[in-house]
Each structure stands twice: as structure tokens, then as C-alpha cells.
Amino acid sequence: MLEKNNIEVSVVVPIYNEEPVIPELYRRLKKALNSISEEHELIFVNDGSKDNSLYELIRLAQTDSKVYYINFSRNFGHQKAVMAGLDHSRGNCVVIIDGDLQDPPELIPKLYKTHKEGYEVVYARRKTRKGESWFKKMTAKLFYRLLQKLTSVNIPVDTGDFRLIDRKVVDYLKMMPEQNKFLRGQIAWLGFNQTEVKFTRDERKFGKTGYSFGKMMSFALDGITGFSNVPLSMVTKMGFFISIASFLVILYAVFAHFALQQTVTGWTSLIISSMFIGGIQLVSVGVIGEYIGRINKNVQNRPLYIIANSNLKSLVRKRFKKLQKGERYLSNVSA
Ligand code: UDP
Ligand code: MG
């Protein structure tokens, strides 16, 4: 359990190769937080950066006792990094913000003010996205609209993870054990009073996106499979439809053979139908496979992430106790 405290606001920042931005990020976050409350904490989660991000974070922690870092043993991905920060946050409310300054820290006081008006979730919705490729904007836009069609959970379109959530919401998020995190969906699923604040998403100042095309695809699949069974029922419906059509074609073939005495020598119709059904079958097996893969990940029940080191008191103490017992230190979601 985390100790009692009176921290008003925590900020969770996932960090993957953000070394050049960290000083400015820290300065702007600090300014925003000081305007809200002296009682704040900054939790940076270093998600296996290949540059010197970790040293920048350790340096900050040495000069500011409100700065905490959690260093993963390798790259576990953006969502798990955010989750680690949430797991160890203590504030009455928590802000999730990207570490590349695409989400302006100056918006935090406004998120906080709106929260105080009685909203447990205040998400920042982007009006426009600067400096991102046409392809990224287009695919993101399509994805959010498709997701909305596929699920009954009202996941807000055009939002990232930049948002402020109440302690209650954090505690419930920690009770959701899924391995394939899709936090923006999970937060929407939880309900409570939710509202939006609009902002313009800036471009990246340094470095490049940590979301490769592959990472983006699997993130999109996590969103869909985590919040919708529509692809599965679509497969079933398609199966029914094709079976009925096939049955009619069979009837016709038998009728043509016996009654009309004309056996068709059509290679074209054969190849088309077998390719078509073969294709549909492969897609269907793939869809089912996606869901099974996710079940597999969840039954393995591994810890969500592994922490190599941290300056968080709760972690340092736990590590010490476990080492005394001679156990290897592993972080767990329940930490
Ligand atoms: N990030 C991370 N792990 C990853 C990829 C990204 O922690 O494997 C962090 C990254 O440092 C940033 C945030 O997640 O703070 C959003 O990533 P990015 O800016 O690359 O995504 P984009 O804005 O291009 O969608
Ligand atoms: Mg970014």
C-alpha cells in the first residue's frame, strides 16, 4: 500500500528517447503545476530509452524531491509505461501527458479547473495536429471512427492519452488486469462524469515518433479486440451468408447436371469460388487468432512490466524486503 499523503496532483510522463526535450519539459510542467498546488509530484517512466533520458531524469530527481523516476528493464510500450506511473502515483488527481511536448503542459491548469467543476475525467481533445504526416492523421481519424462503430463504449474521437483523471478512476484502472492496455478506452468504459477541453496538438520538437507502423497497428488491434466482439460476430455472419450462397450454387449444379444434362466445364467459376472461400476462411481464422492470442497473453498472467530501478520510496523499501528474503525483485501490477 502507498503511504498517506496530501499530494493534490500527480503527473505521469512516459519517456522513450526524449533526452533533448526533458529539460524544457520539466521546466514547463513545473510552472504549470506550481500554479495549481505546491503539493505535486512528477513521475517519469523511462521505457527502455536507448539515449540518455534516464540520466536526465536521475539528474532532475537529485535536484527536486518531487521528481520520481521508474526505470523499466526494457521497452514495454507507451501504455504500460503510463500504467506503471499510475500504479505508483499518489495524487488526488493524476495528469497523463506525453513526454515529447506535443501535449502542451500549459493546458494542465485548465484541465484541473474543469475537474474541480465536478468532472472525474477531463480529456484533452485535439482540434488540429501540427507537423504530423498526412498518413498518420488519416489513419488515426479512420481508426477512431471505425472503433466508434464497432463498440458500444463511448470512446471519444481525436483524443490521445493527455487527460486528467480523479483518484477514483486511477484506483479502478488498477483493478483492470488486462495485458493489452488501451487506456483511453478503459477510462471511457469506467464511466463517471467525463468532459473535454480542446487544444491544438503541437509538433514534436526533437526526435521522432516512438510509434512505428507496427506498434500503431497492434495498438489499434488492442483497441478493437479489447472493446468489441463485432469482428467475431461478423465472421459468423459471413460464414452463414456464404454457406447459404454455396448451398444454392450446389442445388443449381445438381439440377444442371441431372435435369438439363449440361455439365459445365467452367474453370473460371471453380477457381473464383475456391479462391473466394479460401480467402474468407483465412481472414476468419486470423480474426479468431487475434482474440485467442489475447486470451493467451492474459492467462499467462505475467507482470505487466519489470522495473529495473527507481527512486520511489515504496519501491525501494519493497525491494529491500524482498532481497532480505532472498527473492528476485519483480514489480507487479498490484504494487
Ligand atoms: N513512448 C513510450 N514507449 C514507446 C513509445 C513511446 O513510452 O515504446 C512515449 C513517448 O516518449 C511519448 C509518448 O509515449 O512520451 C507518445 O509517443 P510518441 O510521441 O512517439 O507517439 P505519437 O505522438 O507519435 O503518437
Ligand atoms: Mg508524440
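Read the numbers this way: they start at 1 and go in the same order the structure lists the ligands and their atoms. Owing to the predicted nature of the structure, the values given are computational and were not obtained by experimental measurement.
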For the residue pair [X] and [Y], does the interplanar ring angle fall in the parallel (under 30°), tilted (30 to 60°) or perpendicular (over 60°) class?
X	Y	answer
F135	F213	tilted
F192	Y172	tilted
F219	Y211	tilted

Note to self: For D64, is there an ion pair with K30 - N to carboxylate O distance below 4.0 angstrom?
What the structure shows: yes
Notebook entry, point to check: Linking I/L/V/M/F/W/Y whenever their side-chain heavy atoms sit closer than 4.5 Å, directly or via other members, would L221 and F76 fall into one cluster?
Noted result: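 Looking at the clustering, F76 is in a separate group from L221.
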Check: Should Y16 and Y305 be regarded as members of a common hydrophobic cluster, given that ILVMFWY residues are connected when their side-chain heavy atoms come within less than 4.5 Å of each other, either directly or indirectly?
Finding: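 No, no single cluster joins them.
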Next item on the list: Any pair with a residue in residues 277-292 that passes side chain to side chain donor-acceptor pair (under 3.5 Å), sequence neighbours left out, goes on the list, sorted by first then second residue, please.
Entry: E290-R294
Check: Have D161 and Q79 got a donor and an acceptor in their side chains that come within less than 3.5 Å?
Finding: yes
Next item on the list: With a 4.0 angstrom cut-off on heavy atoms, strictly below it, pick out the residues next to ligand 1 and order them by chain and number.
Entry: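 Within the 4.0 Å shell of ligand 1, which is judged on heavy atoms, sit P14, I15, Y16, E18, D47, N75, G77, H78, D98, G99, D100, Q102, K136, R201, R204, T209, G210, Y211, K215.
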Note to self: Test question: given the 4.5 Å side-chain rule for I, L, V, M, F, W and Y, name all other residues clustered with L270, or answer none.
What the structure shows: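 Cluster partners of L270: none, it stands alone.
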Check: Under 2.8 Å from the Mg ion (ligand 2), which protein atoms of type N, O or S occur, listed by chain and number?
Finding: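 The answer is D100 OD2, Q102 OE1.
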